[in-house]
**Student:** 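Following this message is one structure expressed as structure tokens.
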Amino acid sequence: MDLRAWADRAVAEIGAWQRAFGEFAPHPDAVVPDEEFGPAFAELLDRLRGTYPFHHPRYLGQLIKPPHPAAVVGYLAAMLLNPNNHALDGGPATTGLEREAVDRLAAMLGMPGALGHLTGSGTIANLESLYVARETRPGAAIAHSADAHYTHARMCHLLGVRSVPIPVDAVGRIDVAALDSLLGEQDVGTVVLTAGTTGLGAVDPIHEVLELRRRHDFRIHVDAACGGFFALIADDAPDGVAAAPFRAIAECDSVVVDPHKHGLQPYGCGAVLFADPAVERYYRHESPWTYFTSAEPHLGEISLECSRSGAAAAALWLTLRVLPPTPDGLGRVLRAGRRAALGWAELLADSAVLSAYQRPELDVLGIVPAAPGMAALDERTQRVLHGGMRAEPGEAVHLAAMEVTAADLARRGHRLRADVPTARVLRSVLLKPEHEHWIRRCHTDLEALARRAAE
Ligand SMILES: *Cc1c(COP(=O)(O)O)cnc(C)c1O
């Protein structure tokens, strides 16, 4: 796709449609002459060069990459109109696009017919599901694993609901036995399970937790903000991921997925889905000045947010139109990242200076520089991290770091002196399919950095 040509067409065609309503002169007070705009824009472009190269396979730090060109063009075209999807009155065209895109996400996650909508982020999407959890089981606690996203505890606090962290097992998944005993002891209304923790990409055994519902009465919310799109390759294949937990999402009460992570979208695109459309009753409110053109439910009547970008819906719709959420569509993009993670783990198994923190379940990979003790590990991690970021652009390797304890390391077979209680290790996310062909180069450069850090 030639981004410039398609962006140009978006501006031309949306402009032509707008001009058909009759030309008018812009108000002089809002007009900015090109000679004033030019220097300001140049300054912005200059400032933007202060960012990290999220677009490049050498950037493997966080869950960040530029959107797919289809998403950029879709967003741009709709943004020129700036529809607001809180109501049909604000986004008559983009509301339909949102409904279709959400239906595709629901089909992907095995929840056809779910009630859902896009949100500004995964955090807001989770807030909505925790709000519905509270309304459905008033007074009951919400349980989540200790490795669940930090916003669950924060949002429970915000909602005035008690939240209970459950320990994790040796690979960062919720400890099902510990959950089982908690459910026997306390009034837990909803259990939050994570399909792909942000730190490690660990997938809670959703299928095993479903079994606990035979003995205990509780709801399940799945936070698949990070891992939801892996449902497309959850087939137990050598370059796929485990099928059972993803298949089990179909039996849960709600699920969140972030199209602005693996769904190739720009920021401002989360999604929440509820298996039971009747939860709509918890959102009911009156807004006589916005809901006047249709008796149909508006998206604003099933979401906590009011104004929401119709352009985000257009971008997602267009992306899913050309890269459908199927194993042969977007699934192929996910699979390449998965192969990159597995391939790198293999390279690390043969390295004298680096090792994999644990076997990757999705496309997140922890990397441990060899060190005799925790203090040295922390220092080497820091040196490799900064060395990789400060290297010349053609040799840079951008990673992230995460803090772990000596016990976390020992459980995974990394034995080193616990001279200090915690240390940072490296963390990478193979979010781009291009990583598949770059890990060997990144690995070689990272090994050189690790060797230097150990000197
Ligand atoms: C990223 C993430 C969130 C938060 O989503 P935002 O879109 O960043 O607000 C919640 N849960 C998990 C598992 C995540 O990876």
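Counting convention: from 1, in listed order, for ligands and their atoms alike. Hydrogens, waters and symmetry mates play no part in the numbers below; they use all other heavy atoms, side chains included.
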**Student:** Would you say ligand 1 has an N or O under 3.5 Å from any N or O of Thr198?
**Tutor:** yes
**Student:** So, using side-chain contact (heavy atoms from CB on, under 4.5 Å) as the criterion, who are the partners of Ala311 when residues are at least two apart?
**Tutor:** Tyr75, Ala78, Met79, Ser309
**Student:** Which of the numbered atoms in ligand 1 are under 4.0 angstrom from any heavy atom belonging to Asp223?
**Tutor:** 10 (C), 11 (N), 12 (C), 13 (C)
**Student:** Any chance the rings of Trp438 and His56 have centres within less than 6.0 Å?
**Tutor:** yes
**Student:** Can you name the atoms of ligand 1, numbered from 1 with element, that are less than 4.0 Å from a heavy atom of Ser121?
**Tutor:** 7 (O), 9 (O)
**Student:** Thr123 heavy atoms, cut-off 4.0 Å: which ligand 1 atoms fall inside?
**Tutor:** 4 (C), 5 (O), 6 (P), 9 (O)
**Student:** Answer with side chain, backbone, both or neither: which part of Asn126 has a heavy atom less than 4.0 angstrom from an atom of ligand 1?
**Tutor:** side chain
**Student:** Near Ala225, which atoms of ligand 1 are under 4.0 Å from a heavy atom of that residue?
**Tutor:** 2 (C), 3 (C), 10 (C), 11 (N), 12 (C), 14 (C)
**Student:** In this structure, which one of Val364, Leu60, Leu399 forms a side chain to side chain contact (heavy atoms under 4.5 Å, CB included) with Arg427?
**Tutor:** Val364
**Student:** Going by the side chain to side chain donor-acceptor pair (under 3.5 Å) test, name the single residue among Lys432, Arg335, His262 that passes it with Asp363.
**Tutor:** His262
**Student:** Looking at every heavy atom in both Arg213 and Glu251, which two are closest together, and how far apart are they?
**Tutor:** NH2-O, 2.7 Å
**Student:** Looking only at protein heavy atoms, which one is nearest to atom 8 (O) of ligand 1, and what is the separation?
**Tutor:** Lys261 NZ, 4.2 Å
**Student:** Return the minimal non-hydrogen interatomic distance between Ala242 and Ala234, and the atom names on each side.
**Tutor:** O-CB, 3.6 Å
**Student:** Please identify each residue that fulfils side-chain contact (heavy atoms from CB on, under 4.5 Å) with Arg383, with sequence neighbours left out.
**Tutor:** Glu379, Ala453
**Student:** Test Leu362 against every option in Leu200, Val241, Ile233, Thr197 by the side chain to side chain contact (heavy atoms under 4.5 Å, CB included) rule and name the one that passes.
**Tutor:** Val241
**Student:** Between Gly122 and ligand 1, does any nitrogen or oxygen pair lie at a separation below 3.5 Å?
**Tutor:** yes
**Student:** Going by distance only, is there an N or O of His260 that falls short of 3.5 Å from an N or O of ligand 1?
**Tutor:** yes
**Student:** What is the nearest protein non-hydrogen atom to atom 10 (C) of ligand 1, stated with its residue, atom name and distance?
**Tutor:** His149 CG, 3.3 Å
**Student:** Would you check whether Thr151 has a nitrogen or oxygen atom less than 3.5 angstrom from a nitrogen or oxygen atom of ligand 1?
**Tutor:** no
**Student:** Work out whether the distance between some heavy atom of His152 and some atom of ligand 1 is less than 4.0 Å.
**Tutor:** no
**Student:** Going by the order shown, which atoms of ligand 1 are within less than 4.0 Å of some heavy atom of Cys226?
**Tutor:** 15 (O)
**Student:** Below 3.5 Å, N or O to N or O, backbone or side chain included: is there any such pair between Thr194 and ligand 1?
**Tutor:** no
**Student:** Report yes or no: does Gly196 have a heavy atom closer than 4.0 Å to ligand 1?
**Tutor:** yes
**Student:** Do Arg219 and Thr190 have a side chain donor and acceptor closer than 3.5 Å?
**Tutor:** yes
**Student:** Does a side chain donor of either Ser303 or His117 reach within less than 3.5 Å of an acceptor in the other side chain?
**Tutor:** no
